[in-house]
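The structure appears right after this line, and notes come after that.
Note on naming: letters A, B, ... go to the chains in the order of the sequence lines (proteins, then strands), and numbering restarts at 1 for each one.
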Amino acid sequence: MRLSKFPLHTTKETPADAEVVSHQLMLRAGYIRKLGAGLYSWLPIGLRVLQKIEAIVREEMNRAGAVEVLMPSVHPAELWQESGRWQQMGDEMLRFKDRHHNDFAYGPTHEEVICHHFRQDFRSYRQLPVNFYQIQTKFRDERRPRFGVMRAREFIMKDAYSFHTSKEDLAREYQNMREAYARIFTRLGVDFRIVKADSGNIGGSASEEFHVLAGSGEDLLAVSDSGPYAANVEAAECQPAAHPRAAAAAALEKVATPGQKTCEQVSAFLKVPLTGKVKLLVVNAADGGLIAIALRGDHQLNEIKAAKHPKIASPLTLATPDAVQKAFGCEVGYLGPVGCPIPLIADHAAAVVADFVCGANDNDHHLRGVNWGRDCAEPEAADLRMVAEGDPSPDGVGTIKFYRGIEGGHIFQLGRKYSAAMSLSVLDDKGQSVVPEMGCYGIGVSRLAAAVIEQSHDASGMIWPDGIAPYRVILCPIGMDKSETVRVAVETLYGELMAAGVDVLLDDRGNRPGAMFADADLIGVPHRVVIGDKGLAHQQYEYKHRRGDKAEMIPATTAAVLEKLA
RNA sequence: CGGGGUGUAGCGCAGCCUGGUAGCGCACCUGCCUUGGGCGCAGGGGGUCGCAGGUUCGAAUCCUGUCGCCCCGACCA
């Protein structure tokens, strides 16, 4: 492609509202343009990258035995009412009516639609397993779209849905997809981790996320420093303490702590470490009443784990200050387990603290030297807290270290949640009707383009791996308009590279060298060849890799350039 | 959804407090010049100041309403 015929619009200045580097660079390099909040157009140069990522995804999905389909973005409401998600999805699902006043949704995901098609055509176990995938536009009306295409409302997703006659076969396909995903992420050239995940809204049992590691990532990952364990902090378990609780040594004592409400304040005021304090949170219980959760002073509640506890209301909601005042007769800052008027569950770590400090259930007072079993009832213990950096890994190998990641893929074993709700069935080999097991597997294709940039850029711009670069090589002729020698040389090279099937970009706009180099660096083309009178005088081109800091002279032949690309 | 901010040329911004000819940089057009890291000089085009009301002789500027966008939080693929 000749740049003189290609609409490339780069800027020196960074748009004011772009926060993360990928968003800034995609705007500056003319990859994307904003249409509205969370809505982006892909311009020609950006679309080439998107299509190359799609091509890799398509190749690996096909290789893994999945078959491609294409389903509509617009879904009749009836399907979503049938699964029950018309109500559950809330405002995240965009809804509208057609001219007949019938309800529709713009699909945020396609379980309902694929299930509908499955039941139209599938009757026998002989037709299974099957795995359908598509690469298609989704819309999720995020409350706060941000970071450009990294968290857009409309985005491109590869979603796949598999159907099986047994859990074992589902587990086999899940593993197959896991391997396909690992190949995809590897081919994209990114540093990634596969982590255990909470399955959230989609539901189902086993689920893992594929995260591209990046400081700007919105997810926090708990990864063992020396073992295989890796989980999203939302899903990371915490093991009960390996050591039993120490025996009570201190006497119970009530102390005045005027105005000291937070654990940090009390800890500093009484000069006890945060780990020697127990705090109480009051949340709404599953039975409609209140329930107290005891955590060690330095720990945070994991709301997802807590909401799964049978005694706690789901979704988890904090009790109002008024409700707490009414139940405890004091403010939120002075709660403690001694004389707790409502049921109490303690996190494993809080349950093994001895001689601890806690609120006295009396304004401006705390207790010290408190011990479970002696001063209050032995608590029911559960895993309720957020994992912390430095914790032992739950699998016993290594300690937990935190990383930030961008979720690029998510795989689920759904089980029969949707197949049962949508009344799917096939006959098995004994003529019995069975509800198929389902898996689903997603990749955020447009998000991955941004994620790669987050991991691979420098002060001058993007740095694409060869496999997904918009063009692999850019030719920069110096003084092309003046020098016939340069013009002939670069035209010849350009023609021969095109003939060799190389994605080559020729900067024939007549710019000065500085401007050409700045654009080449910004758009991230991995290989650059400079053709000038100086080099040609010695039958040489100048070659530079985008990652290299120095250029080198190579023979002025197409073969020498092709060798660099190999 | 709660809190904060912002809307002036394609982009980045000043002007607003204290009402009186709408400006700067980049980009764009023309000419000359220049050609190894976003050249230089000269000339030029482009804005109903988000929208709707109001106050005023006069509103980008003051008032009211409304919409868009951004940030923080909560929530969530």
Legend entry - Short side-chain N/O contact to B/G25 OP1/OP2 from A/Lys12, under 4.0 Å: no
Inset, instruction - Determine the interatomic distance between P on B/C62 and the same-named atom on B/C26; round to the nearest Å. - result: 30 Å
Legend entry - B/C24 to B/G15 separation - C1' atoms, rounded to the nearest Å: 10 Å
Inset, instruction - Look at A/Arg151 and B/C76 and indicate whether a side-chain polar atom (N or O) is within less than 4.0 Å of OP1 or OP2. - result: no
Inset, instruction - Keeping the roles fixed (side chain from A/Lys158, backbone from A/Tyr441), state whether a donor-acceptor pair exists under 3.5 Å. - result: yes
Inset, instruction - Could you please name the partner base of B/G43, counting Watson-Crick and G-U wobble pairs only when both distances are under 3.5 Å? - result: B/C29
Legend entry - Nearest-Å distance for atom pair CZ/P, residues A/Arg447 and B/C76: 16 Å
Inset, instruction - Provide, to the nearest angstrom, the distance between the CG atom belonging to A/Asp17 and the P atom belonging to B/C13. - result: 9 Å
Inset, instruction - For A/Arg153, answer base if it contacts any base atom (sugar-phosphate contacts may also be present), sugar-phosphate if it contacts only those atoms, and nothing otherwise; contact means non-hydrogen atoms under 4.0 Å. - result: nothing
Inset, instruction - Send over the distance from A/Leu35 CG to B/C69 P, rounded to a whole Å. - result: 10 Å
Legend entry - Ionic contact status for A/Lys138 with A/Glu154, cut-off 4.0 Å: no
Legend entry - Nearest-nucleotide comparison on RNA chain B, the residue closer to the 5′ end among A/Thr14 and A/Met157: A/Thr14
Inset, instruction - Taking only the side-chain nitrogens and oxygens of A/Arg144, find out if one of them lies under 4.0 Å from OP1 or OP2 of B/C75. - result: no
Legend entry - Proximity to the side chain of A/Phe517 - top-ranked nucleotide from B/C39, B/G12, B/G37: B/G37
Inset, instruction - Could you give the distance separating B/A27 and B/G65 at their P atoms, to the nearest angstrom? - result: 42 Å
Legend entry - Counter-base of B/G20, judged by Watson-Crick or G-U geometry with both distances under 3.5 Å: B/C57
Inset, instruction - Give A/Glu303 one of three labels, base, sugar-phosphate or nothing, depending on what nucleic acid heavy atoms sit under 4.0 Å from its own. - result: sugar-phosphate
Legend entry - Out of B/C69, B/C26, B/C39, whichever nucleotide has its closest atom nearest the side chain of A/Glu13: B/C26
Inset, instruction - Please evaluate the base of B/G12 for a donor-acceptor partner in the side chain of A/Arg28 within a cut-off of under 3.5 Å? - result: no
Inset, instruction - May I have the distance from A/Leu301 (atom CG) to B/C75 (atom P), rounded to whole angstrom? - result: 10 Å
Inset, instruction - Using whole Å, report how far CG of A/Leu27 lies from C1' of B/C70. - result: 13 Å
Legend entry - Listed nucleotide nearest any side-chain atom of A/Arg143, set B/G12, B/C75, B/U35: B/C75
Legend entry - Identity of whatever pairs with B/U34 - Watson-Crick or G-U, under 3.5 angstrom: none
Inset, instruction - Rounded off to whole Å, could you give me the CZ-to-P distance for the A/Arg146 and B/C71 pair? - result: 8 Å
Inset, instruction - Go ahead and name the base partner of B/U66; Watson-Crick or wobble counts if both distances stay under 3.5 Å, otherwise write none. - result: B/G50
Inset, instruction - Check every strand shown and say whether A/Arg33 touches a base, only sugar-phosphate, or nothing at a heavy-atom separation below 4.0 Å. - result: nothing
Legend entry - Protein-nucleotide distance (A/Glu218, atom CD; B/C75, atom C1'), rounded to Å: 12 Å
Legend entry - A/Thr10, nearest nucleotide to its side chain (from B/C70, B/C76, B/G38): B/G38
Legend entry - Opposite nucleotide pairing with B/G2, Watson-Crick or G-U, both atom distances under 3.5 Å: B/C72
Inset, instruction - For the residue pair A/Phe210 and A/Phe185, categorise the inter-ring angle as parallel (less than 30°), tilted (30 to 60°) or perpendicular (more than 60°). - result: tilted
Legend entry - Whole-Å gap separating P (B/G73) and CD (A/Glu142): 15 Å
Inset, instruction - Consider the side chain of A/Arg512, meaning its heavy atoms from C-beta on, and name the nucleotide among B/C69, B/C75, B/U35 that approaches it most closely. - result: B/U35
Inset, instruction - Quote, to the nearest angstrom, the P distance that separates B/C17 from B/U64. - result: 15 Å
Legend entry - Rounded C1' spacing from B/G46 to B/C28 in Å: 9 Å
Legend entry - Side-chain ion pair, A/Asp458 and A/Arg546, N-O less than 4.0 Å: yes
Legend entry - Separation between the P atoms of B/G68 and B/A52, rounded to whole Å: 16 Å
Legend entry - Closest nucleotide among B/G12, B/C75, B/C70 to the A/Pro15 side chain: B/G12
Inset, instruction - Could you pick out which residue, A/Gly479 or A/Lys34, lies toward the 5' side of RNA chain B when each is mapped onto its nearest nucleotide? - result: A/Gly479
Legend entry - Sequence-distant partners of A/Asp219, salt bridge (Lys or Arg N to Asp or Glu O under 4.0 Å), two or more places apart: none
Inset, instruction - Report which part of the nucleic acid A/Asp521 touches: base, sugar-phosphate, or nothing (heavy-atom distance under 4.0 Å, all strands). - result: base
Legend entry - base_contact_polar (B/G38 base, A/Asp519 side chain, donor-acceptor, <3.5 Å): yes
Inset, instruction - Give a yes or no on whether a salt bridge exists between A/Arg146 and A/Glu19, defined as a side-chain N under 4.0 angstrom from a carboxylate O. - result: no
Inset, instruction - Could you measure between the two C1' atoms, the one in B/C33 and the one in B/G40, and give it in whole Å? - result: 7 Å
Legend entry - Closest listed nucleotide, where the reference is the side chain of A/Glu19 and the choices are B/G37, B/C71, B/C76: B/C71
Legend entry - Test applied, ring pair (Phe, Tyr, Trp, His ring centres under 6.0 Å); reference residue, A/Phe118; option that passes from A/Phe163, A/Phe132, A/Tyr418: A/Phe163
Inset, instruction - Report which part of the nucleic acid A/Glu209 touches: base, sugar-phosphate, or nothing (heavy-atom distance under 4.0 Å, all strands). - result: nothing
Legend entry - Interatomic distance at P, B/G53 relative to B/C39, whole Å: 47 Å
Legend entry - Sidechain-backbone polar pair: A/Arg404 side chain, A/Ala214 backbone, donor-acceptor under 3.5 Å: no
